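See structure below.
Each chain gets a letter, A, B and so on, in the order its sequence line appears, and its residues count up from 1. This is a predicted model, so every value here is computed, not measured.
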Amino acid sequence: MSDVTLAPPRDPFGPAQKFEDAKPRKSRKNNPLWMIAQGIASLRLTVALLFLSILLVFFGTLAQVDGGIWHIVSDYFRSFVVWIPFDIFTVFASEKSPLPGGFPFPGGWTIGALLLTNLFAAHAMRFRLRVGILLIHSGLVVLLLSEFVTGMYAVEMNMDIYEGDSTNFAYDTREVELAVIDPSDPDQNRVVVIPQSRLVSGEKITHELLPFDITVDEFYFNSAIVRLKHGERSRATFGDGRFYRAEPKQIVPGAGASQGVDFPSAYVSLTKKGSDTPLGTCLVSAFFDVPARKHWEVIGQPKSVGGTEYQLHLRFKRYYKPYEVYLVDFTHDVYKNTTIPKDFKSHVQIFEGSSDDFREEKIWMNNPLRYSGETFFQSAFKPGNTGTVLQVVRNPGWLMPYISCAMVSLGFLVHFPQVLFRFLRRQMAATRVS
Amino acid sequence: MSMFSRIFPWAILGVALLCLASAALRPQSSSDGLDLDSFGKLPVQTGGRIKPLDTLARNSLFAISHMGVVKHEDGTKTPAIRWLADVLFNEEAARQYKVFRIVNGPVLNSLGLEHRPGFYRYSLDEIDTERMSRVFAWADRVSGLKKRRSEGEKVEITQADEHAHDFANKVQRYINLKATNQFPGRPGKDLSPRDFGVWFRTSGDFSGKGRHLPALIPRQDNSVEWPTVATAMHEATLTRLRESPDVLEDLQSGKLTPDNIMNEALAASPDSDWLTRIWKMRDHYVLGQTDAFNDEVAAYRTALAELTPSVASRGRVEYFMNRFEPFIKCLYLTGIGFLFIVGSWFGWRRPLLRAACAMLVLSLFIHTLGLGARMFLENRYGVFVTNLYSSAVFIGWIVVITGLFLEWIYRNSIGLTVACTVSVLSLIVAHNLDLAGGGKDNLEVLQAVLDTNFWLATHVTIVTWGYGATFVAGALGIFFILLGVFTPLMDKEIAKALTRMIYGVVCGATMLSFIGTVLGGIWADQSWGRFWGWDPKENGALIIVLWNALILHARWGGMVRQRGMAVLAVFGNVVTTWSWFGTNMLGVGLHSYGFMDSAFFWMMLFMTSQLLIMAVGAFWPEKSWLSYEAMNFNPPQRRDGRRLNKLRPAPTA
């Protein structure tokens, strides 16, 4: 018996030329534009971009050890260029000595955009139409776009509610705002809100509704609040800052729902509008915006100006809702005879407008509630199981990954079995004959 | 083919089956006739689930002694369940077991113990009470330091501190075990008022909610909290004492004896039956009444099977798993299979390969049963992976299936070789992860967010499957490089077959890891509203997808061919190891559930070895590959039909 009777089966998985079918016509060959287009559509570029994205993801992972996850996400993955410090490579070193220097690297937006361009160009110029591949690639496009939409438009908020209490706003612990509250009207507070982007050390803020200007003396992205020692002098002349001092801290590393929160603080000085006459300095801090307190009363730093007692309040950025959420009950199950949590469940009622028109819902782990374009997740709870913390997410692109997953999976299902069975048939035939 | 060659694989299979059967059926009963097999199956509620006493015994002993059995200084062994029986019932005997492992010099000195290099184990009787309390105070200080460190303060904790803390934890664990189940007095003697008083106080300390001690009094299932013996007895006694306000006077006047109180309390307790049985078990055990003890255990099990058949049957299965250790058996079987394969390189090829195949199939069978048993015990059907340990076990299983599939297609022994090697490695990793757990239950319950069978069965399974497939591709790559560079055995055909195998497996790995990763994103969206959080574990999975995609595109673009594919596939091992273990070691993120120091060393060693192999594959001059000629020319022997090459496909009859 000889095993050389059969010609070796044709390589079924496709050698290189399979995708190079569309050979440029001779006239095009020397056209420089055509050559550039070829380059943009080339698989070499795909491989290079995939390699760059692997590196970027890896660097972005290492950087999370010392940097806050949200800073890393915006610096590395949602940016055009990122400066990568050499320091991130020392994460596993036992004795850390800071490593100076770094190097620039293309950020997530750049690589993503190039990958999209490369993909579209390749489909326009080279591929035969094959349903499987087309589905896979279109699904990937949807996925890349969904990350873009999420990066641009998604908002993540927390909503704290105590049992038997209701709330009508959610807050984002990744950003703060300085609220100046004028409570003189008994029906309605008038609030001037200054976003975090304006809270830069040395910045002077003027607003037509305020009878004073605000100067930011110092802004800390994360801080600790320390009680002043006896005899220690404070920078603040009014408010809690007369007894406490803010100390800058490193931003908190970590990711996900249980991530640590940065507590920004700032020293701000008030001056009479349009002049330099000082009215006083105070300490405002997200620490004083205590969501642990049962009622969200105004707990700012009071200052009387022109007969009105204004409250200065550095708080996590708030999003007020057109509805109210009432917490009927919060339950926290543990595995019996342990402290290991088994489930968290919030029983809520959502009121919109009148008090007898409400929706009754239960939210528990892995079972969120979708309501008015937002999604409510069970996230955490208050000490002693007295209240719940819901994560509220508004992401216009939330459905896109589902669509993408369906498309890509379908693509795989169409493409790979086809290839696999063709291959198997031939291989088995070859084995049998030989 | 000779008769012997034909029979050989079957004979090997038969011998293996016999060995397995004898391992499965051998009873554990100790020499003095105690039916510890039955005793070990009694259920106990601890760590969030119901497990047999045998599991509790093994895990506790492992935590204290770093071994699953008691090994005496003279080399003899005592099963863990015997040790537990002594801890529960016979304190004097329990204190004499040399099981507390202490290796640290300063800790030994402060306990006044001599060094025992090589053995390292000490009994409680050897330790002076006063010195012990000093070490406990030391451990308390260390706890304080650790708390301060977790709050971000810079404190120095020495190795000795860690060891002292560790030792105190071990002793506490022992005390908890003992105290949860104490009966007053000594068997066969009247209970003295003093013993009664001491017992009443300690059982009070160890009863009540919030102590989370191993609880023995059975209930219908795990949805209610089982009482411990201490709790049940203490409450019953308390109720009895409340009934007679003049207890002290009655005791002094002799109108009441402690035995009266205990008996009446026991009779009135709602758990009277269970308590009485356990109490009798103790008395028989201590007094050495073997038959009576065995009868009592049997009666207990009958009553249990009536109360709750599901708990009883799970207890039997888990006890069998503990003793049979199916995944260790798989390790042996695949290891033997590997030896057969190595043997086949030197001659007598077909019989040895068939024997290897038989070993692999048998191992796959046991592996499957083991995984099925785990699902039954956890009551999570379709869920293969619940922790790091089970992921390694599952990867071992996937690898065997993939390898056998490749073998079925190609019949060139490459699939077998890869299946054996990678499966052995992953089972070794699994075993070490189990050991590194330090007596942690490897069927532990899952935190709230993970407690969803749907996502565990889909996302986790598929992602881990993707890991396994990437490892198989990597192993094939290594095989290609080693075979080509260091042996003259690889010819054109084999190179081509290997490349196609790599290609096919990488295709599968891409698909699995992509779908698995996206499913993970969808789970994340369902559970906290964020499809993608750039968390280290997520990023690790993404890197695997990207790397596999890169291999495929590089191949489609003609940038790599055979050798390049192999080199790239090997890097898949590095990338997967990073995602599997490396990301956990970063200690940040939601998924960091298994930080291990010593594992870091092995991970780096493995990654370095992979990079070395890649370097060899990529940079070793082509002409110095020992297989260079075979790979580039059709060897002349093909024309006259002779097969000189041992790795060529064997003709099938």
Side-chain angles (χ1 to χ4, degrees), chain A residues 1-4 13-14 16 18-19 42-44 46-47 50-51 53-54 57-58 60-61 64-65 69 72-73 77 91 146-147 150 156 253-258 335-344 365-366 368 375 377 379 391 393 398 401-402 405 408-409 412 416 423-424 427 431 434, chain B residues 45-49 212 215 222-226 409-411 445 447-449 451-452 500 503-504 507 511 514-515 518-519 521-522 525-536 539-540 542-543 546-547 549-550 553-554 556-559 583 586 588-590 600 638-639 641 649 651-652:
Chain A
M1 195 198 306
S2 158
D3 51 359
V4 283
F13 284 127
K18 194 170 232 175
F19 297 116
S42 76
L43 277 165
R44 272 173 200 281
T46 318
V47 169
L50 286 174
F51 189 64
S53 43
I54 289 172
V57 173
F58 181 64
T61 311
Q64 284 179 27
V65 176
I69 172 96
I72 301 302
V73 169
F77 305 121
V91 287
S146 96
E147 179 55 20
T150 306
E156 287 183 20
S258 57
Y335 286 98
K336 295 299 171 198
N337 210 351
T338 65
T339 50
I340 307 167
K342 186 170 166 53
D343 200 14
F344 307 101
M365 277 289 170
N366 295 317
T375 316
F377 302 88
S379 163
Q391 168 136 310
V393 178
W398 75 271
Y402 291 76
C405 180
V408 177
S409 306
F412 279 132
F416 277 126
F423 164 72
L424 279 183
Q427 187 64 35
T431 319
S434 72
Chain B
Q45 184 188 49
T46 177
R49 71 181 188 98
H212 311 308
N222 201 28
S223 63
V224 286
E225 187 162 334
W226 294 17
I409 301 171
Y410 281 94
R411 310 284 163 103
V445 293
Q447 298 274 345
V449 70
D451 185 18
T452 144
R500 282 207 210 128
Y503 179 87
C507 278
M511 182 167 83
F514 179 84
I515 294 179
V518 172
L519 281 174
I522 291 179
D525 186 57
Q526 290 284 316
S527 92
W528 54 83
R530 194 182 299 142
F531 174 77
W532 197 256
W534 300 104
D535 166 278
N539 289 351
L542 176 63
I543 291 179
L546 290 172
W547 183 254
L550 184 146
H553 287 86
W556 292 328
M559 278 159 263
T583 51
L586 287 173
V588 290
L590 286 164
F600 181 68
R638 290 190 54 175
R639 247 165 260 145
T652 40

Does the plane of the ring in A:F77 sit parallel, tilted or perpendicular to the ring in B:W534? Use 30° and 60° as the thresholds. parallel

Measuring only between side-chain heavy atoms, which start at C-beta, is A:L424 closer than 4.5 Å to B:I409? yes

Chi angles and distances behind the side chain to side chain contact (heavy atoms under 4.5 Å, CB included) call for B:C507, A:F416: CA-CA 8 Å; B:C507 278; A:F416 277 126; 3.2 Å; yes

Using every non-hydrogen atom in the two residues, find where A:Y402 and B:D525 come nearest and quote the distance to one decimal. OH-OD2, 2.9 Å

How would you list, by chain and number, every residue that makes a side chain to side chain donor-acceptor pair (under 3.5 Å) with A:D343, sequence neighbours excluded? none

Identify which part of A:T339 has an atom lying under 4.5 Å from any heavy atom of chain B, answering side chain, backbone, both or neither. both

For the residue pair A:F423 and B:R500, establish whether any side-chain heavy-atom pair is separated by less than 4.5 Å. yes

Within-4.5 Å side-chain heavy-atom neighbours: B:N539 and A:Q64: yes

So which of B:F514, B:W547, B:W532 has the biggest tally of heavy-atom pairs under 4.5 Å with chain A? B:F514

Between chain B and each of A:T150, A:T46, A:I340, A:N366, count heavy-atom pairs under 4.5 Å; write down the option with the most. A:N366

Can you tell which of B:S223, B:G521, B:A554 has the highest number of heavy-atom pairs within less than 4.5 Å of chain A? B:S223

Of the non-hydrogen atoms in B:L546 and A:S53, which two are nearest, and what is the gap between them? CD1-OG, 3.9 Å

Kindly give the heavy-atom pair with the smallest separation between B:L550 and A:I54, and that separation in Å. CD1-CD1, 4.4 Å

Quick one, B:Q526 and A:P368 - any side-chain contact, counting heavy atoms below 4.5 Å? yes

Which heavy atom in B:Q45 sits nearest to a heavy atom in A:N337, and how many Å separate them? O-ND2, 3.4 Å

Side chain, backbone, both or neither: which part of A:V393 has a heavy atom under 4.5 Å from chain B? side chain

Hey, are the side chains of B:R530 and A:Q391 touching, using non-hydrogen atoms and a 4.5 Å cut-off? yes

Inter-residue atom distance B:L542.CG - A:T61.OG1, 0.5 Å rounding: 8.5 Å

If you measure from CD1 on B:I522 to SG on A:C405, what distance do you get to the nearest 0.5 Å? 4.0 Å

Minimal heavy-atom distance between B:V518 and A:P401, with the atoms involved, is CG1-O, 4.4 Å

Is the closest side-chain heavy-atom distance between A:V47 and B:M559 below 4.5 Å? yes

Taking the side chain as every heavy atom from C-beta outward, state whether A:Y335 and B:D451 have any atom pair closer than 4.5 Å. yes

